[in-house]
Engineer: 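What follows is a structure written as structure tokens; I'll ask about it next.
Labels below follow one simple rule: chain letters A, B, ... track the order of the sequence lines, proteins then strands, and each chain is numbered from 1.
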Number of protein chains: 2
Amino acid sequence: MLKLDARTKLLNAAIEVVRAQGYAATSVDELCRKAGVTKGAFFHHFETKDALAVAAANYWSETTGALFAQAPYHTPADPLDRVLAYIDFRKDLLQGTPAEFSCFVGTTVQEAFGSSDEIRAACKASIFGHAETLVADISEAIRRYKVKGTWTAQSLALHTQAVLQGAFIIAKASGSATTAADSVNHLRRYIELLFNRKPTKRKTK
Amino acid sequence: MLKLDARTKLLNAAIEVVRAQGYAATSVDELCRKAGVTKGAFFHHFETKDALAVAAANYWSETTGALFAQAPYHTPADPLDRVLAYIDFRKDLLQGTPAEFSCFVGTTVQEAFGSSDEIRAACKASIFGHAETLVADISEAIRRYKVKGTWTAQSLALHTQAVLQGAFIIAKASGSATTAADSVNHLRRYIELLFNRKPTKRKTK
DNA sequence: GACACAATACCAACCGGTCGGTATGAGGAG
DNA sequence: CTCCTCATACCGACCGGTTGGTATTGTGTC
């Protein structure tokens, strides 16, 4: 981390600290301390604290986007298997403390949706953008399995994100990653039922 | 609200303001202003700001507990119908802005789980306690419909809360209550599928 | 007059943000 | 090559306002 420039160090620090204590409770000074950077550097790179939040949300989109793009859940030939492998992948990420596995933009938007429309929009773009990466596989699975229903691939993709966000909150309240994993299990079962797939052991990893 | 004592006015103000802007971003002074009460009164009734949060979480449990206890979703004879009616009831509550329909303890615990174990515990008790009120109906439905599975009534009850909490976050990000209702629809469909119930129009109101 | 309750004045610490300044390095002119 | 200029990156003391919390003084009701 030492070779990174001040801007990137601040973005990484923001994601780490905000996930642990929330956005409003995180001060600019603390961020600078954590990043090993001075306050002057902070306001050189970001006009305001809110601007940092917007940049961090976009940075979160990029880094997690790259993580999911190269994740192994894309390999199955069957689109439904890919969707289920995605769910399993998300479950695997539920390790350690909530501060480690929870979602930066989910945490931030909950606090800032009323005070900054720029932050809200950046967080929305992150969540909805990630959901969008699931739509192709879901749509293909709908066609392949000839599933009929009043719901759309988009709404199911967004529902997976809602379940994950909710699971993070339950985990924060209970202090247990297991309760979060329980919800993800229910989500997996829901998708199996939707597509008439018999309950399966996970195929990947 | 004028006839209420200072303590209750502060609790109501806390729930209203925190839902709109979050816990950390809400100052004691603002709470006092909103409640029409002085700072002296605040610290007479609550030792610290955190103590107010704990009291507000318990107050939230009581008031929402009363709301749900007298709600009409308990009337159907079939336990599964009661569970589905509960889901419908929750969906009906998704009116107006996120600040109006979102959950005080869900918002608060997300910010305070790392800094105050008392707040965390009070919020956990509220969420888990509410989930517990669903367990009897779910258990009865499991018996009546002879459903087999690896999941428990408790885990399904908690999953409903996770979906709702997640739906609140999606609503805050999107600024739309409709997207939250979409997730609740998926939750309802999941429960119908779990119990082999044909998709139904809602029975209660 | 005892006691719960509330109003006001006040405090030190901390907040986001500002500002004058320095370090470094690229590019052009001579 | 040397010198000058300019832009970018960064520094840290400082500012006014706000924070959670305290101390003191009423005031209404048994």
Side-chain angles (χ1 to χ4, degrees), chain A residues 1-18 20-57 59 107-108 111-120 122, chain B residues 1-18 20-57 59 107-108 111-120 122:
Chain A
M1 193 194 275
L2 289 175
K3 312 269 289 191
L4 298 175
D5 60 358
R7 189 187 142 91
T8 308
K9 285 195 283 188
L10 282 165
L11 292 172
N12 285 327
I15 285 169
E16 181 183 340
V17 179
V18 168
Q21 19 177 284
Y23 176 66
T26 299
S27 74
V28 172
D29 281 313
E30 185 176 2
L31 250 27
C32 294
R33 218 177 306 128
K34 195 87 180 181
V37 148
T38 63
K39 214 166 179 177
F42 183 103
F43 285 101
H44 171 74
H45 289 287
F46 307 104
E47 236 182 79
T48 63
K49 187 193 174 190
D50 279 5
L52 177 270
V54 172
Y59 181 69
T107 300
T108 303
E111 292 184 59
F113 77 98
S115 63
S116 164
D117 207 57
E118 290 81 33
I119 296 179
R120 201 218 85 245
Chain B
M1 194 196 275
L2 288 175
K3 313 267 288 193
L4 299 176
D5 59 2
R7 187 187 144 90
T8 309
K9 286 195 283 187
L10 282 166
L11 291 173
N12 285 326
I15 285 167
E16 180 182 341
V17 179
V18 168
Q21 26 180 281
Y23 175 66
T26 300
S27 73
V28 172
D29 281 312
E30 184 176 2
L31 250 28
C32 294
R33 219 177 305 129
K34 195 87 181 183
V37 149
T38 62
K39 217 165 176 177
F42 183 103
F43 285 100
H44 171 73
H45 289 286
F46 307 103
E47 237 182 79
T48 63
K49 187 193 175 190
D50 278 4
L52 177 269
V54 172
Y59 182 68
T107 299
T108 302
E111 293 185 59
F113 77 98
S115 63
S116 164
D117 208 58
E118 290 81 32
I119 296 179
R120 201 219 85 244

Engineer: What residues form a side chain to side chain contact (heavy atoms under 4.5 Å, CB included) with A:A20, not counting sequence neighbours?
Structural biologist: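 For A:A20, the residues satisfying side chain to side chain contact (heavy atoms under 4.5 Å, CB included) (neighbours in sequence not counted) are A:A99.
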Engineer: Using the test side chain to side chain contact (heavy atoms under 4.5 Å, CB included), find all partners of B:S115 that sit at least two apart in sequence or belong to another chain.
Structural biologist: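 B:S115 satisfies side chain to side chain contact (heavy atoms under 4.5 Å, CB included) with B:A112 only.
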Engineer: Tell me, which pairs form a side chain to side chain donor-acceptor pair (under 3.5 Å) where one or both residues lie in residues 41-52 of chain B, sequence neighbours left out?
Structural biologist: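 Of all non-adjacent pairs touching residues 41-52 of chain B, those that pass side chain to side chain donor-acceptor pair (under 3.5 Å) are B:Y23-B:D50.
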Engineer: Check whether any side-chain heavy atom of B:K9 sits under 4.5 Å from a side-chain heavy atom of B:K34, and report yes or no.
Structural biologist: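 No, side chains not in contact.
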Engineer: Would you kindly compare A:E47 and A:A25 by the position of their nearest DNA chain C nucleotide and give the one closer to the 5′ end?
Structural biologist: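 The residue mapped nearer the 5' terminus is A:A25.
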Engineer: A:R33 versus A:D29: any side-chain heavy-atom pair under 4.5 Å?
Structural biologist: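 They are in contact (side-chain heavy atoms under 4.5 Å apart), so the answer is yes.
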Engineer: Does the pair A:E111 and B:Q21 meet the rule for a side chain to side chain donor-acceptor pair (under 3.5 Å), with working shown?
Structural biologist: CA-CA 6 Å; A:E111 292 184 59; B:Q21 26 180 281; over 6 Å; no
Engineer: Please figure out whether A:D29 or A:G40 has its closest DNA chain C nucleotide nearer the 5' end.
Structural biologist: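 Looking at the nearest nucleotide for each, A:D29 comes out on the 5' side.
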Engineer: With heavy atoms of chain B within less than 4.0 Å as the criterion, where does contact along DNA chain D begin and end?
Structural biologist: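 Range of nucleotides touched by chain B: D:dT19 to D:dT22.
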Engineer: Does A:K39 reach a base, just sugar-phosphate, or nothing at all? Heavy atoms under 4.0 Å.
Structural biologist: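 Base, at least one base atom sits under 4.0 Å.
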Engineer: Using a 4.0 Å heavy-atom cut-off across all strands, classify B:T38 as base, sugar-phosphate, or nothing.
Structural biologist: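 Here B:T38 touches the bases of the nucleic acid.
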Engineer: Are the side chains of B:L31 and B:L52 in contact, using a 4.5 Å heavy-atom criterion?
Structural biologist: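 In short, these two side chains touch, coming nearer than 4.5 Å.
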Engineer: Taking side chain to side chain contact (heavy atoms under 4.5 Å, CB included) as the definition, give me every residue that meets it alongside A:F43, ordered by chain and number, with sequence neighbours left out.
Structural biologist: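 Once residues adjacent in sequence are excluded, the partners of A:F43 under the side chain to side chain contact (heavy atoms under 4.5 Å, CB included) criterion are A:V28, A:K39.
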Engineer: Where does the chain A footprint on DNA chain C start and end, counting 5' to 3' with a 4.0 Å heavy-atom cut-off?
Structural biologist: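 Range of nucleotides within reach of chain A: C:dC15 to C:dT18.
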